[in-house]
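A short write-up of the structure that comes next.
In listed order, ligands and their atoms are each counted from 1.
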Amino acid sequence: MTVMVPPKASATASPGRLALDSALFQLDQAAEHLGLDDGLRKMLATPRRSLTVSVPVRREDGRMDVVQGYRVQHNVSRGPAKGGIRFHPATDLFEVTALAMWMTWKCALVGIPYGGAKGGVGVDPATLTTRELERVTRRYVNEILPLIGPDQDIPAPDVGTDEQTMAWIMDTYSVNAGYSVPGVVTGKPTILGGSLGRAGATARGVQIATMSALGDRDPAGVTVAVQGFGKVGAQTARYLADAGCRVVAVSDVTGAIADRNGLDVTAVREHHSESGGVSGYRHADRLTHEELLELDVDVLVPAALEGVLTAENAPRVRARLIVEGANGPTMPEADVILTGSGVTVVPDILANAGGVIVSYLEWVQNTQAYSWSAGEVQIKLRDLMEQAFGEVGALAESRGLTLRQAAHAIGVSRVAEAHRLRGLYP
Ligand code: GLU
């Protein structure tokens with residue numbers, strides 16, 4: 001593979017701009033490897049549709065605020081657009097575009113018939129009451145209504161959104177349609193047509209990816225640090241502990257905690273739900289966020305936001321295996337440093353694909369008005385994850401690529417091939 005030098009992260013760019021630069025660099029590398037022509041590269045680098053909306057929200061005290069919302073459909077060559085909706089104060093159009101692009105490659109990589117999309121609202125859900133949150137959600141959905149639909153574009157949870165958000169989205173869409181449309185969103189409560197196993201699916205996928213990467217190594221000797229203790233991080237810690245690994249450190253916005261003998265993950269989760277964070281958990285030592293990333297562990301799972309592993313801290317990372325529960329946690333410059341020091345990185349579009357895989361299974365169940373057992377969902381999830389892991393591993397091995405380069409080469413080539421077969425209209 002042609003070795004390309006990653007862009008130097010600008011100190012003044014927004015996190016979203018950095019994420020998009022990373023995504024474009026990864027695409028460039030894959031396009032170079034695949035020998036794609038300039039026209040195709042340009043098409044794949046550009047989102048198919050981007051919508052920016054202003055969302056007026058009535059606060060409890062009667063004041064009106066306006067927040068920005070986005071929905072980006074990056075590519076629909078392989079099927080309807082698919083991807084989560086993020087509620088986060090730093091979300092911008094750049095970030096949503098990067099995340100939509102990663103969804104395109106992710107769906108292609110794991111072989112599910114979707115293109116990639118993402119949505120975002122620049123709001124901090126922690127500062128809103130439940131009623132304000134519901135109003136923001138419904139108004140945002142109303143603004144993006146022309147884009148979404150079970151055959152067009154199917155949202156799902158992401159950072160800052162959950163089952164309740166999806167229930168409001170399903171309701172808003174259905175009220176406008178005049179009948180119930182469960183297949184318009186995935187990650188819904190099961191009573192509204194959500195799939196068994198969806199809630200923990202991303203984490204389950206991270207566990208499967210971690211175990212695949214560890215091969216026949218005895219999990220009992222494996223130490224793990226998890227950065228982020230939200231929907232993905234907390235469940236990943238639990239599933240890895242269940243698999244026999246020793247989870248020695250976890251962190252969230254409130255702080256980082258560690259115990260060399262292994263944390264009692266269930267007790268940490270209880271403390272987290274009672275106090276709102278991992279900080280203050282009494283049976284562990286306190287660490288800084290940076291110390292957690294640089295801990296002497298076997299496996300590091302970044303499971304929060306983009307851009308946490310940088311050119312600055314990558315040389316100090318001691319984990320030998322990084323499994324990306326989050327989207328885009330490793331900057332391209334950090335990737336080069338980690339590869340140079342022999343660290344294996346299981347990339348986001350592979351490691352965290354369990355979420356969208358079970359979203360797909362949910363959508364299939366919705367479109368057939370049928371439901372599978374938790375066991376059936378689990379088997380299908382495992383099959384698709386292991387199949388993708390095998391393909392990525394084999395390509396990386398045969399071509400001397402990193403797992404990220406191989407995963408992108410597979411994802412991008414499938415989208416390029418779909419585009420080639422469909423041809424250009426008119
Ligand atoms: N937000 C998740 C992701 O980044 C899930 C998307 C989905 O299920 O559509 O993969």
Could you list the residues that satisfy ring pair (Phe, Tyr, Trp, His ring centres under 6.0 Å) with Trp102, not counting sequence neighbours?
-> none
One pair per line, please: each N/O atom of ligand 1 matched with every protein N/O atom under 3.5 Å away, atom names first, then the distance to 0.1 Å.
from: ligand 1; atom 1: 1 (N); to: Pro157; atom 2: O; distance (Å): 3.0
from: ligand 1; atom 1: 1 (N); to: Asp158; atom 2: OD1; distance (Å): 2.8
from: ligand 1; atom 1: 4 (O); to: Lys106; atom 2: NZ; distance (Å): 3.3
from: ligand 1; atom 1: 4 (O); to: Lys118; atom 2: NZ; distance (Å): 2.9
from: ligand 1; atom 1: 4 (O); to: Asn327; atom 2: ND2; distance (Å): 3.0
from: ligand 1; atom 1: 8 (O); to: Arg198; atom 2: NH2; distance (Å): 3.1
from: ligand 1; atom 1: 8 (O); to: Ser359; atom 2: OG; distance (Å): 2.5
from: ligand 1; atom 1: 9 (O); to: Lys82; atom 2: NZ; distance (Å): 2.8
from: ligand 1; atom 1: 10 (O); to: Lys106; atom 2: NZ; distance (Å): 2.6

Applying side-chain contact (heavy atoms from CB on, under 4.5 Å) between Met43 and each of Asn75, Val415, Leu424, report the one that passes.
-> Asn75
Tell me, please, which residues at least two apart from Leu395 pass side-chain contact (heavy atoms from CB on, under 4.5 Å).
-> Ser398, Arg399, Leu401, Ala406, Ala409, Ile410
With Arg204 as the cation and Tyr239 as the aromatic partner, state whether NZ or CZ is under 6.0 Å from the six-membered ring centre and within 45° of the axis.
-> yes
For Ile337, what residues pass the side-chain contact (heavy atoms from CB on, under 4.5 Å) criterion, not counting sequence neighbours?
-> Ala311, Ala314, Pro315
Only one of Leu293, Val323, Ile322 clears side-chain contact (heavy atoms from CB on, under 4.5 Å) with Pro302; which?
-> Ile322
